[in-house]
Amino acid sequence: MSTMMAGRRTSTLITRSTIAVLAVVALAMPMLMSDVTFFMQMVLAAIVVTGLSLLMGYAGQASLGQGAFFAVGALTVGIGTTTWALPPVLALVLAPVLASAFAAVVGIPLLRLRGHYLAFGTLALLLMVVAAMNTFDFLGGSFGIAGIPPLAVGSFEITDPRDYAYLALGCLALVLLISRNLINSRFGRGIQALAGSETAAASAGVAVFRAKLTVFAISAAFAGLAGALSAFFTPFISPESFPASRSFEYVIMAVVGGLGALWGGVIGAIAMSVVIEVINRISTQPGLPATAGPILQYAAYAVLLILALLWMPRGLISVLHGVRGRLAAMRT
Amino acid sequence: MSDFITYLVSGIALGCTFALVGSGFVVIHRVTRVVNFAQGTFAVFGGFISYSLLDGILPQGLAQLVTVVACGLIGLVVGFVAIGKPGTDPLIALIVTLGVSIFCAAVFITVWGQDPVSPPGLRGSVSILGADVQRQRLLVVVATLLTFLALSLFFSRTYVGKGLTACASNPRAAALVGINVRRMGFMAFAVGGALGGLAGALISPSVALSFSSDLPFALSGFAAAVFGGLTSPGRTLLGGIVLGVTGQLVAGYLDGSYQTEVALLMMLAIMVVRSSTFVTEEAK
Amino acid sequence: MLTVDDVVVRYGSATALDRVSLHADAGEMVALIGPNGAGKSTLVNAISGLVPIESGSIVTGGRVAQVPEGRQMFADMSVVDNLVLGAWRSGDRDPSRIFDLLPALRDFANRKAGTLSGGQQQMVAVGRALMADPQILVIDELSLGLAPLIVADLAEHLRTINQEHGTTVVLIEQEVGLALELCSRAYVLEAGRITVSGTTEELADSPAVRAAYFGGLDVGKDVQL
């Protein structure tokens with residue numbers, strides 16, 4: 001009995017230390033890197049994918065166009081701060097709100113249907129948002145929206161990219177905190193039942209539809225927040241900023257990281273970012289054709305996705321849990 | 001008026017290809033309950049393979065035939081990957097097919113490069129009601145109608161076709177009667193592959209395809225299939241034509257090319273309507 | 001013709017069949033009765049080869065065809081197509097002999113199976129099973145949801161099929177009276193185990209069976225023994 005307790009204590013210790021190390025590394029990264037963009041992209045992806053992972057893991061729904069809500073968030077900031085001259089902080093707060101409103105509009109009809117309808121529906125929404133951006137000038141037209149002012153609190157302006165990176169990290173921490181509290185709450189237990197069996201959850205009194213809609217809206221809010229941060233960081237947005245392939249990448253990160261796991265989004269984002277870096281290094285080697293880059297990238301994405309789906313359905317998180325378990329067992 | 005005829009015909013031709021891709025969705029979905037995201041990829045294969053074959057290897061007609069067969073085989077392989085592992089949830093299978101479509105993009109670039117490709121087709125045009133209509137587009141319409149007829153006969157008259165329909169209708173009873181539902185699923189994927197390949201082979205002389213064309217095909221094809229509730233090939237044909245014609249009319253009379261976006265808007269509208277009528281069989 | 005020997009079937013950690021043994025000789029009509037959830041359908045599916053057995057053996061001396069619980073029609077296909085598909089594994093695909101055996105089918109041969117009444121569907125299900133020319137016919141809940149007159153009619157047909165073709169019949173039934181009337185021997189399955197077995201006369205006289213099953217019968221039903 002005491003061995004088991006000791007084992008569990010060691011497990012928790014390993015988890016806490018790992019998170020601590022990750023946090024230290026994360027905080028140090030912006031200082032060490034000359035170009036913060038890569039780090040920023042990774043953190044923003046982690047925010048989006050944490051939400052997506054909740055959606056796919058608990059509500060059992062796939063969203064192939066999560067970028068739609070990222071785009072809505074970015075547009076809120078883009079139009080809000082330029083055309084409507086809103087204070088930047090207000091635009092930042094408004095972004096996730098509008099994004100989840102969009103999600104509700106699409107989700108209320110589509111969540112009643114089988115999963116593949118929402119999957120295509122979000123993709124359709126993304127492409128339509130991009131098309132709308134291209135068509136209507138007030139959404140930026142084909143040139144997009146430039147001149148987004150920096151995020152400012154009062155007279156204090158954030159202009160250093162590193163500061164945005166820290167802000168993003170802060171938002172990631174917030175998102176993780178919200179997710180954790182959500183999972184551990186009574187609502188969270190309800191949606192965990194949902195992940196197991198919809199009929200079982202329904203008979204246990206879980207308001208299935210409302211639960212799915214809530215998770216969907218939350219995932220959209222996270223994506224919208226990331227989009228808003230991205231708009232301040234870049235600081236312009238254009239129709240090309242939201243390709244469908246990025247949304248597919250989110251799905252891959254979610255699957256590889258571990259659906260429904262709290263840290264799944266972070267793990268997935270880190271893993272895929274590493275893969276992309278490696279591929280970039282390989283494909284820019286002399287002697288390889290220019291097309292090597294996209295070929296390797298697509299091939300790697302596809303293989304990772306398919307392998308993860310078929311043979312590692314619980315994602316890297318499950319592998320890490322296994323390692324942690326064995327380490328804990330060794331200590332006791 | 002002649003403008004209108006041109007848009008109408010090109011819209012019908014385009015719509016027929018959507019319907020072919022869409023019927024692939026329908027066949028696969030009915031038998032396996034899986035939506036095959038790689039359905040658009042089959043169309044791109046159809047365009048590319050026929051292009052390569054027509055480049056001095058095979059004559060017209062034979063090249064397209066071989067292309068369709070080849071795409072059927074590709075469909076079979078995709079089927080193995082998507083539903084080969086027993087007990088795969090249909091939504092997971094959907095994402096697997098997404099992965100397959102991404103992998104195939106890599107294949108396309110490797111073999112055919114990144115530039116758009118357009119094989120030679122039927123040359124010349126015909127005059128209909130004062131408008132110049134390309135022969136190739138007429139071929140698309142005729143071929144599509146014949147294919148749908150053949151499909152309908154296949155499912156209702158042949159024994160294997162009845163077996164496939166049985167799998168779609170009641171998988172439990174099908175297993176009871178001795179039908180290997182898994183094998184039927186693979187066959188459905190092969191048929192879906194052939195249908196997609198035919199669509200690509202037919203439209204690529206008129207519309208150049210590239211490695212990224214699979215997405216608009218998949219979306220428009222799915223939109224056409226949604227018209228038919230993912231179950232009715234007949235309504236898929238109708239849906240495809242409506243989508244194609246609407247898109248071409250919008251493109252012609254308004255500015256820009258919003259073929260895919262029009263299809264998406266209509267698809268979303270249909271899905272919303274469907275959810276409110278809530279036909280339990282198809283909905284859940 | 002059919003020997004089930006010490007068969008164990010598990011679903012995960014739950015044991016559905018716990019060392020079940022029964023047998024049926026050629027041309028016999030054997031009944032399997034028992035409460036809901038006892039495992040009757042699992043046994044039926046095991047005999048049909050649809051459910052894997054963990055231990056024990058099932059030996060069949062010929063083809064097995066199942067008339068499933070709830071009829072399981074191919075609803076949007078015609079009656080003819082439903083029958084024709086019954087011959088997927090074996091048997092002549094021409095359904096004329098089935099129409100000869102069950103003439104009432106001719107009345108709705110071209111209608112969609114989903115539009116038929118329960119009794120009509122049940123007849124189609126029996127016909128479909130017979131298309132495979134089976135030596136063993138396994139029938140799961142023949143009378144479920146059907147009016148007594150229709151059940152009696154179906155029972156007559158079953159008797160004819162058994163007597164004229166020598167088809168071995170295994171009848172799973174909740175309607176105990178019907179089971180004991182049609183069959184010569186019966187087994188009682190409770191919670192995955194055979195608790196009672198014997199000739200139908202013996203079972204009808206057994207006070208335990210009477211108490212458990214006749215006590216729960218619909219008052220209106222006539223039990224002829």
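Numbered from 1 within each chain, the chains take letters A, B, ... in sequence-line order.
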Under 6.0 Å from the [atom1] atom of [X], do we count more than 12 heavy atoms belonging to anything else shown?
| X | atom1 | answer |
| --- | --- | --- |
| C:Arg19 | CZ | no |
| C:Arg106 | CZ | yes |
| C:Arg193 | CZ | no |
| C:Leu149 | CG | no |

Measuring from [X]:[atom1] to [Y]:[atom2], what's the distance to the nearest 0.5 Å?
| X | Y | atom1 | atom2 | answer |
| --- | --- | --- | --- | --- |
| B:Ser169 | C:Asn82 | OG | CG | 7.5 Å |
| B:Arg172 | C:Asn45 | CZ | CG | 6.5 Å |
| B:Thr165 | C:Asp81 | OG1 | CG | 8.5 Å |

query: Under 3.5 Å, side chain of B:Tyr159 to main-chain N/O of C:Trp88, donor-acceptor pair present?
result: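 Flag set: sc B:Tyr159 to bb C:Trp88 pair under 3.5 Å.
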- prompt: Quick one: does B:Asn170's side chain have a donor or acceptor within less than 3.5 Å of a partner on C:Phe74's backbone?
  reply: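 Checked: no pair found.
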task: Examine whether an atom of B:Ala174 lies under 4.5 Å from a heavy atom of chain C, and if so say whether it belongs to the side chain, the backbone or both; otherwise answer neither.
output: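 Both the backbone and the side chain of B:Ala174 come within 4.5 Å of chain C.
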Heavy-atom cut-off 4.5 Å, strictly under: side chain, backbone, both or neither for [X] against chain B?
| X | value |
| --- | --- |
| C:Ala125 | neither |
| C:Arg128 | side chain |
| C:Leu85 | both |

- prompt: Are C:Arg89 and B:Val177 close enough, and set up right, to give a side-chain contact (heavy atoms from CB on, under 4.5 Å), and what steps lead you there?
  reply: CA-CA 7 Å; C:Arg89 258 201 219 107; B:Val177 148; over 6 Å; no
message: So which atom in C:Leu50 and which in B:Ala175 form the shortest heavy-atom distance, rounded to 0.1 Å?
response: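 Residues C:Leu50 and B:Ala175, closest heavy atoms: CD2-O, 4.0 Å.
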task: Select, from C:Met77, C:Met73, C:Met131, the one with the greatest count of heavy-atom pairs under 4.5 Å involving chain B.
output: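 Between C:Met77, C:Met73, C:Met131, the count favours C:Met77.
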